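See structure below.
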There are 2 protein chains.
Amino acid sequence: MQLATEPDVDAVSFRRLGQVLGVHPTAVYRHFRDKDALVLALLDRLTLDVLQRVPVEGLAWRPRLRVGAIAYLDALVEHPAIGHQIGFRASGGPGELGAIEFLLVCLQEAGLDDVQVVRHYALTSSYVLAMASAQASAVLSSGRVTAPGDRSWLGALVEQLTPVEAYPTVTRLRSQLAALRDREVFLTGLDLILDGIEAAAHR
Amino acid sequence: MQLATEPDVDAVSFRRLGQVLGVHPTAVYRHFRDKDALVLALLDRLTLDVLQRVPVEGLAWRPRLRVGAIAYLDALVEHPAIGHQIGFRASGGPGELGAIEFLLVCLQEAGLDDVQVVRHYALTSSYVLAMASAQASAVLSSGRVTAPGDRSWLGALVEQLTPVEAYPTVTRLRSQLAALRDREVFLTGLDLILDGIEAAAHR
DNA sequence: ACCTGAACACCGTTCAAGT
DNA sequence: ACCTGAACACCGTTCAAGT
């Protein structure tokens with residue numbers, strides 16, 4: 001888990017793990033079937049940690065869901081070497097199942113029927129996981145750890161734009177596009193999804 | 001691009017490229033600075049191809065945006081070896097800039113002001129790219145090419161659930177959760193985002 | 001039960017050398 | 001200008017051998 005903090009795609013490897021533990025690289029094979037099993041176990045443990053930190057009591061479904069989603073995204077981005085794989089990997093462990101249960105209960109409390117619960121579960125979870133995966137990958141790609149949520153969305157791409165005439169709208173809005181931040185983009189989408197849940201509940 | 005079709009994370013490598021081209025692996029270094037540059041060029045080319053296939057004339061902004069988003073997702077998932085990297089990689093090439101311009105023009109036509117155009121641009125693009133990245137990664141992870149959009153979202157995770165008592169809601173809804181399909185999940189979110197754009201335009 | 005040593009089949013990348 | 005050969009520093013993974 002400590003290795004996964006490093007902004008490097010190969011931060012978690014059997015060789016580095018062995019080095020940190022003062023042990024032969026292949027010794028880890030006694031404890032995990034292969035690297036996939038190791039990463040899955042780390043991701044499930046991370047999920048479990050987030051679930052235990054999120055307050056379950058005394059919060060209505062909407063702030064509870066919102067806080068949980070933000071905490072989960074942050075935890076994954078803070079462990080980019082494994083976080084970038086979350087979008088598409090099912091562990092089936094207690095962390096993942098607990099997270100699904102958490103989300104389903106929130107959606108039921110919002111007043112959705114079963115069909116709507118399942119639909120909005122799929123949307124919310126895929127959105128959070130996909131965004132976390134993409135943001136963790138961005139950390140790996142840039143190789144440095146920026147303050148969380150302070151990452152520029154389009155970066156320098158749009159600031160130093162040369163062939164102006166071909167992309168008039170991009171050119172006109174380029175300073176506003178460059179000002180976009182990761183966290184802002186994520187929250188905009190999350191709140192839109194939460195609005196959609198409320199709207200579906202009132203129907 | 002042909003190699004990128006293979007459902008293998010390492011499908012695109014200098015060694016395999018050299019083998020297919022009947023040339024020494026390192027010969028590619030004359031044409032691309034490093035592997036990052038190669039992947040970026042492939043992704044930009046893929047984006048450009050999609051833009052040229054999407055009909056620009058004779059369609060209102062909403063179906064145009066919808067068709068474009070679906071075509072882009074499909075193209076990325078059909079080239080998973082590079083598609084899985086799209087969520088976090090900026091090429092700055094004609095494909096990427098063309099795609100941004102396409103999206104911005106759609107949002108302007110919807111009737112949004114500049115601030116709203118930028119906000120919804122960020123949400124829509126990050127959503128499509130993140131989902132495409134996650135679905136392409138799922139193809140790599142499973143190693144087989146399923147019919148597009150027909151992939152199960154939760155897979156066998158939820159069907160063979162043993163400790164029933166700990167996750168009552170997951171258990172109760174498990175058959176409906178297992179029935180979820182990639183494409184359905186993606187379209188639900190996309191249409192919700194498009195609804196949000198219309199709602200913002202009417203304000 | 002747990003760890004080591006050696007080996008295999010892969011990676012990206014550099015650099016000097018060829019034509 | 002373009003390609004080759006050899007090398008370096010990494011990967012995951014296997015298997016027989018140690019204690």
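In this text, all values refer to a predicted model and were calculated from it rather than measured experimentally. Numbered from 1 within each chain, the chains take letters A, B, ... in sequence-line order.
- Applying the 4.0 Å criterion to OP1 and OP2 of C/dT14, one finds that B/Tyr29 has every side-chain N and O outside that range.
- Closest-nucleotide positions on DNA chain D for B/Val28 and A/Asp34 were compared, and the one nearer the 5' end corresponds to B/Val28.
- In this structure D/dC3 sits in no base pair that meets the Watson-Crick or G-U test at under 3.5 Å.
- Between B/Tyr29 and B/Phe14, the two ring planes are perpendicular [angle over 60°; tilted spans 30° to 60°].
- Remark: P of C/dG12 and CD of B/Gln19 are 13 Å apart, rounded to the nearest angstrom.
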A/His120 and A/Leu103: side chain to side chain contact (heavy atoms under 4.5 Å, CB included), yes or no, with the steps? CA-CA 9 Å; A/His120 282 87; A/Leu103 223 177; over 6 Å; no
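- Counting heavy atoms from C-beta outward, B/His84 and B/Val9 have side chains that approach closer than 4.5 Å.
- Atom-to-atom, CG of A/Leu21 to C1' of C/dC3 comes out at 13 Å; the value is rounded to the nearest Å.
- The partner of C/dC11 cannot be assigned: no Watson-Crick or G-U wobble pair with both contacts below 3.5 Å exists in any strand.
- Regarding A/Leu17, its CG atom lies at a distance of 10 Å from the P atom of D/dG12, rounded to whole Å.
- Contact check, A/Arg33 against D/dT13: no side-chain N or O comes under 4.0 Å of OP1 or OP2.
- Rounded to whole angstrom, the span from the CZ atom of A/Phe14 across to the P atom of C/dC3 amounts to 13 Å.
- Look at CZ on B/Arg16: it is 14 Å from C1' on C/dG12, rounded to the nearest Å.
- Comparing A/Thr26 and A/Asp10 along DNA chain D, the residue whose closest nucleotide (by nearest heavy atom) sits nearer the 5' end is A/Asp10.
- Using a 4.5 Å heavy-atom threshold, the side chains of A/Leu76 and A/Val50 count as separate.
- For A/His24, no side-chain nitrogen or oxygen approaches OP1 or OP2 of C/dA6 to under 4.0 Å.
- Nucleotide C/dC10 holds its P atom 18 Å from the NZ atom of A/Lys35, rounded to whole Å.
- OP1 and OP2 of C/dA9 both lie 4.0 Å or more from every side-chain N or O belonging to B/Arg15.
- D/dG18 atom C1' lies 12 Å from atom CZ of A/Arg30, rounded to whole Å.
- A donor atom on one side chain and an acceptor atom on the other are found under 3.5 Å apart for B/Ser91 and B/Glu96.
- B/His31 has its NE2 atom 10 Å from the P atom of D/dT4, to the nearest Å.
- Contact between the side-chain N/O atoms of A/Ser13 and the OP1/OP2 oxygens of D/dC11 is found at a separation under 4.0 Å.
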